[in-house]
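Sequence lines set the chain letters: A, B, ... in the order given, protein chains first and strands last, and positions in each chain run from 1.
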There are 2 protein chains.
Amino acid sequence: MTQNLDAISPDIPSDYESLKARISTLSDSMPKRLLQCARYALANPDRIALGTTAEIASAAGVQPSTLVRFAQTLGFDGFSQMQQIFQGQLVGRNSEYTERLTKIRESGTNTPGSILGNFVERSKQSLDDLLRQVDTVALERSIEALSAAENIHLLGLRRAYPVVSYLHYTLGKMGVRTNLLEYTGGILEERVQFINENDALFVATFSPYSPEVVEFASKAFGRGVSVISLTDSVLSPIARVSSTVLEVNEAEHGAFRSLSTTMCLATSIAVAVGDARKWTSLS
Amino acid sequence: MTQNLDAISPDIPSDYESLKARISTLSDSMPKRLLQCARYALANPDRIALGTTAEIASAAGVQPSTLVRFAQTLGFDGFSQMQQIFQGQLVGRNSEYTERLTKIRESGTNTPGSILGNFVERSKQSLDDLLRQVDTVALERSIEALSAAENIHLLGLRRAYPVVSYLHYTLGKMGVRTNLLEYTGGILEERVQFINENDALFVATFSPYSPEVVEFASKAFGRGVSVISLTDSVLSPIARVSSTVLEVNEAEHGAFRSLSTTMCLATSIAVAVGDARKWTSLS
DNA sequence: AGCAATTCAGAAAATTCATTCCAAATTTAT
DNA sequence: ATAAATTTGGAATGAATTTTCTGAATTGCT
């Protein structure tokens, strides 16, 4: 009886795309736990494809039975039937991926896909380099300096602006207030006076190094402020006026650079500083 | 415990590559049925990864128990253990990755270096996932829409702000002027009226989705504006009010996410749009 | 050809798994 | 505030799956 009705009305999704679509539409009317399943499934399709109900359930923080109910809500008989869709996606994607990779490698055509592929490849390379070449001593000194600072000031223009802007946000989220120095005409220099000796200045600047930024850092450094700089070469003019220099070689495609690697380092710094501050400044 | 035993007994392949190597070396001295397994496994790795012993056995023309013996011949405890290697290959998670991550995790302490290591590994994985999961159709449609737009408006707050901010910069460098919508209190909504039908709105928003952003996009979409959104899930409220949705699963470490992958995609979009515009709008 | 060692198929056992069920808890409607 | 309906956790169940075991078949050796 029920089976007949089920078979008629909600025909089951037959591929991953329609499954996603259905989850998306049904998610509105889903109770808490089922929504939790929905979120987990969309965020970890691979684990759904390969895991057992027990494993997945514990990873998603629900009961195995909830997973089954989730699958049934979507129109499947049970979990296993839903799992097959995820498995199909996994296999198809795998073959597509290798195909895509070879296409990227051989054809120089500038399709959006190949541009992306190129950036991905180079970014991975660049991340590897970062981990291999990073100066851990400098990194640790940076964290220390930032953790110990009374106030943290952040400066970065143009390409470096998103980096400091994200640091500002992330550190803020961790309860570390920072002063993001936005560029508002020639007034920048005047603000050096508001930075005092116990503060730290974090500066990011890349290849056509903004003179204003270097100038600003120089003045702060001259005043005895701890200057931590993030740049792309030790030859950067900022290096001369920094207490600590962090170097990043960003991935590039033609004349354009991604910010993947830089962001990775920046985020790590933020988390490390947040961690360090948590222990020292715990009220 | 188990690790010690594993390490002592004929060390088991931890990688699909080394597994293949072992199969091919041992296959010389394999009896008929085991050879049959070997051949089938190498020819149908996906089915080994996903099937049950019964299914695979019948497909390969052997008994389930033979499959188990086959796995044991290669040094595994049983079939299931071998299957994991095939699964890892399918997901694209090779042993180096997991090895490094466990090494990082084992070191336990949150030293700056280990935090960075963690972010680097996860970002690399996340980049791989991006290339695997990216919806090329959506990507191409996004590029088209952005290239064809009279004006491009960019919107993103909090964690998404660095992304649009970088897009603003990069597109500007390529001669594509964009309108970066900064948040200045409640005035945001009023600005919808300055966006017209031939424009495109690029919106980025992530997990605690800013209602203002969604609201803004919704209004623009309602006015017939082409809305391209960059978000982290199809469950994102922005998906409903977008012409095209680009999904990114960013790497995370604890509660904190890097922006590496997102930045990689954003940069690719910028370059692709810049390319496309170059040909159409060459004066 | 005859014997020993190895390999095999198939059944049996042990384990794990997906699913169902029900009482408790929570939400919704009245 | 109370009752009804829905949702949830967790145990129970029955099915399925991996693995072991054993006698038969095959192979290799003399």
Under the rule for salt bridge (Lys or Arg N to Asp or Glu O under 4.0 Å), what residues qualify as partners of D46(B), not counting sequence neighbours?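 D46(B) satisfies salt bridge (Lys or Arg N to Asp or Glu O under 4.0 Å) with no other residue.
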
Is any side-chain N of the basic residue among D129(B) and R93(A) closer than 4.0 Å to the acidic one's carboxylate O?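 Here D129(B) does not pair with R93(A) in a salt bridge, since their nearest N and O are not under 4.0 Å apart.
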
Between [N] ([atom2]) and [X] ([atom1]): distance, integer Å:
X      : N       : atom1 : atom2 : result
L50(B) : dT17(D) : CG    : P     : 14 Å
L67(B) : dT17(D) : CG    : P     : 13 Å
L35(B) : dC8(C)  : CG    : C1'   : 15 Å
Q84(B) : dT17(D) : CD    : P     : 17 Å
M30(B) : dC8(C)  : CE    : P     : 11 Å

Please enumerate all residues that pass side chain to side chain contact (heavy atoms under 4.5 Å, CB included) together with E17(A), with sequence neighbours excluded.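 Once residues adjacent in sequence are excluded, the partners of E17(A) under the side chain to side chain contact (heavy atoms under 4.5 Å, CB included) criterion are D15(A), K20(A).
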
Pairing residues for N249(B) by the side chain to side chain contact (heavy atoms under 4.5 Å, CB included) criterion, not counting sequence neighbours: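 With sequence neighbours excluded, N249(B) shows a side chain to side chain contact (heavy atoms under 4.5 Å, CB included) to Q133(B), given in chain and number order.
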
How would you list, by chain and number, every residue that makes a ring-ring contact (aromatic ring centres under 6.0 Å, His included) with F86(A), sequence neighbours excluded?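 F86(A) satisfies ring-ring contact (aromatic ring centres under 6.0 Å, His included) with Y16(A) once adjacent residues are dropped.
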
Any side-chain donor-acceptor pair under 3.5 Å between T66(A) and R69(A)?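 Judged by distance alone, the side chains do pair up.
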
Do we see a donor-acceptor contact under 3.5 Å between the side chains of S260(B) and S258(B)?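 Looking only at side-chain atoms, S258(B) and S260(B) do form a donor-acceptor pair, the distance falling under 3.5 Å.
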
Test side-chain contact (heavy atoms from CB on, under 4.5 Å) on L90(A) and V91(B) and set out the steps. CA-CA 7 Å; L90(A) 196 57; V91(B) 181; 4.2 Å; yes

So, is Q63(A) near the phosphate of dG10(D), with a side-chain N or O under 4.0 Å from OP1 or OP2?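 Affirmative; the distance criterion is met.
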
How does each nucleotide of nucleotides 17-30 of chain C score, in 5' to 3' order, for protein heavy atoms under 4.0 Å: base (B), sugar-phosphate only (S), or none (-)? SBBB----------

Under 4.0 Å, counting only non-hydrogen atoms across every strand here, what does L34(B) touch: a base, just sugar-phosphate, or nothing?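 Touches sugar-phosphate only.
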
Nucleic acid contacts - residues 37-45 of chain B versus DNA chain C, non-hydrogen atoms under 4.0 Å: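 When residues 37-45 of chain B is checked for heavy atoms under 4.0 Å from DNA chain C, there are no hits whatsoever.
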
